[in-house]
Amino acid sequence: MSGQASRKRTRMDEEAGEEPRDHGVDGRDRSDTGELQRDKDFWFEDGSIVLHARNVAFKVYALPLIKHSPVFKDMLSLPQPDADGDVAALPVVSLSDSPEDLRHAFQILMPNDTLRPFGFKIHYNLISAWIRIGHKYEINSLVEHSIRYLRQLYPDNYADYEKFHAAAFDGGKAIGIVNIARLTGAHRLLPAALMYCCQVESDLAYGFPREDGTMERLSRTDLDICFKASKNLVAARVSLAHRLFKIEHIIDTDECDDQVACTEAIEGILDDLVTAELPGLYTPRPLSSFMSEYAEQLDVCESCRGQLFIKSEAERRAIFEDLPALLGITVNGWGNNGGTSG
């Protein structure tokens with residue numbers, strides 16, 4: 001169990017500001033590892049339990065923890081405080097979680113008795129904390145709501161990818177999403193998240209710092225997947241470009257406004273493909289839109305541009321549906337959903 005309720009009475013001189021001290025079950029003073037500080041946001045004068053996380057003490061309400069978490073329900077006893085609210089009568093529990101994660105969890109658990117995750121401005125640190133704390137303490141509703149949100153940003157179908165991919169968390173945060181997927185068994189997050197990890201490139205092995213300063217890193221298995229998959233993603237992007245700009249698939253002799261000009265423009269792109277002069281071509285970004293990236297070079301008529309767009313969408317959809325194979329992983333049900341994932 002991650003915490004032990006102290007049966008020893010703690011003492012705190014309220015006027016002197018002395019913090020409660022947790023002696024735990026082995027009798028050692030756990031506050032010796034660092035001076036305890038009251039959390040400025042979650043120290044409620046009428047709180048019913050004191051939680052220690054590293055050098056931070058939280059005085060919060062036990063009832064919401066017990067209501068939403070069977071782990072806390074088993075962990076905690078609830079002695080009634082003295083009439084004057086003396087903290088000496090309160091249980092004290094040491095937790096191994098970071099204070100930062102607990103603060104994010106308490107935002108939704110305190111003092112409300114119902115979970116409303118999306119009344120908040122969602123950011124990576126918030127939702128990852130909700131999932132880690134929710135998973136550890138079996139706050140299932142919080143985990144389920146949070147995973148459902150992530151499935152929009154890291155979807156398992158192309159329709160949702162097109163709608164939401166621009167909102168995916170920036171940079172190396174995909175490393176954290178992969179770890180969340182592994183932790184919770186939400187494997188449909190993996191293809192999109194692993195693809196984004198491949199795009200982190202030089203910083204991938206290093207990881208990124210969490211709020212508490214610890215490093216979020218991929219497992220060796222997932223690092224190996226990314227290193228091997230990167231070349232497949234590059235190859236898929238190059239192959240898409242060559243298929244996309246085949247003149248015979250683009251120029252409609254009945255609809256094209258200027259076959260000569262459009263042919264020259266497309267042949268110019270093809271020449272750049274052959275000589276590898278298209279910037280950003282050899283990158284592991286197979287779902288990036290050539291229509292957006294090379295808009296200036298695509299000096300073609302509206303009919304040809306429309307044909308290119310239709311073909312581009314079909315090619316990108318095919319690559320998305322093939323992502324697990326490109327990454328060398330298996331994801332049951334991948335690509336079968338037509339809309340927002342549940």
Side-chain angles (χ1 to χ4, degrees), residues 1-12 19-34 36 38-39 41-82 85-117 126-148 179-186 210 212 214:
M1 195 62 67
S2 59
Q4 294 289 342
S6 173
R7 293 296 184 179
K8 295 181 178 290
R9 290 174 63 86
T10 59
R11 297 188 177 277
M12 182 175 70
E19 299 296 344
R21 303 175 76 80
D22 175 19
H23 296 275
V25 293
D26 58 2
R28 290 186 299 164
D29 185 347
R30 298 185 187 278
S31 63
D32 286 346
T33 57
L36 276 172
R38 293 183 188 179
D39 188 76
D41 295 319
F42 295 101
W43 184 272
F44 302 117
E45 292 305 321
D46 59 343
S48 53
I49 189 169
V50 176
L51 303 176
H52 289 177
R54 300 179 186 170
N55 67 330
V56 179
F58 302 89
K59 186 180 178 186
V60 295
Y61 305 109
L63 185 59
L65 299 178
I66 292 171
K67 180 173 183 178
H68 295 296
S69 166
V71 175
F72 272 113
K73 184 176 182 180
D74 291 342
M75 185 193 304
L76 302 179
S77 61
L78 292 174
Q80 294 298 314
D82 295 342
D86 185 358
V87 77
L90 302 182
V92 177
V93 178
S94 290
L95 302 176
S96 61
D97 312 286
S98 74
E100 291 80 7
D101 277 1
L102 288 173
R103 286 189 193 100
H104 289 311
F106 291 157
Q107 284 184 51
I108 197 166
L109 291 169
M110 303 289 163
N112 295 324
D113 59 0
T114 57
L115 300 181
R116 298 184 179 90
L126 182 70
I127 204 163
S128 64
W130 284 353
I131 292 172
R132 284 195 297 268
I133 294 295
H135 182 267
K136 179 177 179 179
Y137 296 107
E138 298 179 16
I139 309 173
N140 295 331
S141 177
L142 185 58
V143 175
E144 290 165 5
H145 281 292
S146 301
I147 293 294
R148 190 174 300 127
N179 292 336
I180 284 171
R182 297 297 191 190
L183 174 69
T184 62
R210 296 173 177 155
D212 65 352
T214 61

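As the structure is a prediction and not an experimental result, all values here were calculated from the model.
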Partners meeting ring pair (Phe, Tyr, Trp, His ring centres under 6.0 Å) with His104 (sequence neighbours left out): His123
All side chain to side chain contact (heavy atoms under 4.5 Å, CB included) counterparts of Asn179, not counting sequence neighbours: Ile175, Glu216, Leu218
Ser48 side chain to Ala62 backbone, donor-acceptor under 3.5 Å: yes
Note: Asp39-Arg103 ion pair, threshold 4.0 Å (strictly below): yes
Geometric class of the Tyr137/Phe72 ring pair [parallel <30°, tilted 30-60°, perpendicular >60°]: parallel
Gln107 and Leu126, any side-chain heavy atoms less than 4.5 Å apart: yes
Nearest-0.5 Å distance, CZ of residue Arg132 to CD1 of residue Ile127: 11.5 Å
Side chains of Phe58 and Val50 in contact at under 4.5 Å (non-hydrogen atoms): no
Residues in ring pair (Phe, Tyr, Trp, His ring centres under 6.0 Å) contact with Tyr61, at least two apart in sequence or another chain: Phe44
Counterpart residues, side chain to side chain contact (heavy atoms under 4.5 Å, CB included), relative to Ala186 (two or more places apart): Ile147, Arg151, Thr184, Leu189
Verdict with supporting geometry, Val93 and His52, side-chain contact (heavy atoms from CB on, under 4.5 Å): CA-CA 6 Å; Val93 178; His52 289 177; over 6 Å; no
Those residues that, when tested against Asp212, pass salt bridge (Lys or Arg N to Asp or Glu O under 4.0 Å) (two or more places apart): Arg54
Gap separating the CH2 atom of Trp43 from the CG atom of Leu51, nearest 0.5 angstrom: 10.0 Å
Separation between CG of Leu95 and NZ of Lys136, rounded to the nearest 0.5 Å: 6.5 Å
Nearest-0.5 Å distance that lies between atom OG in Ser96 and atom CG in Asp101: 10.5 Å
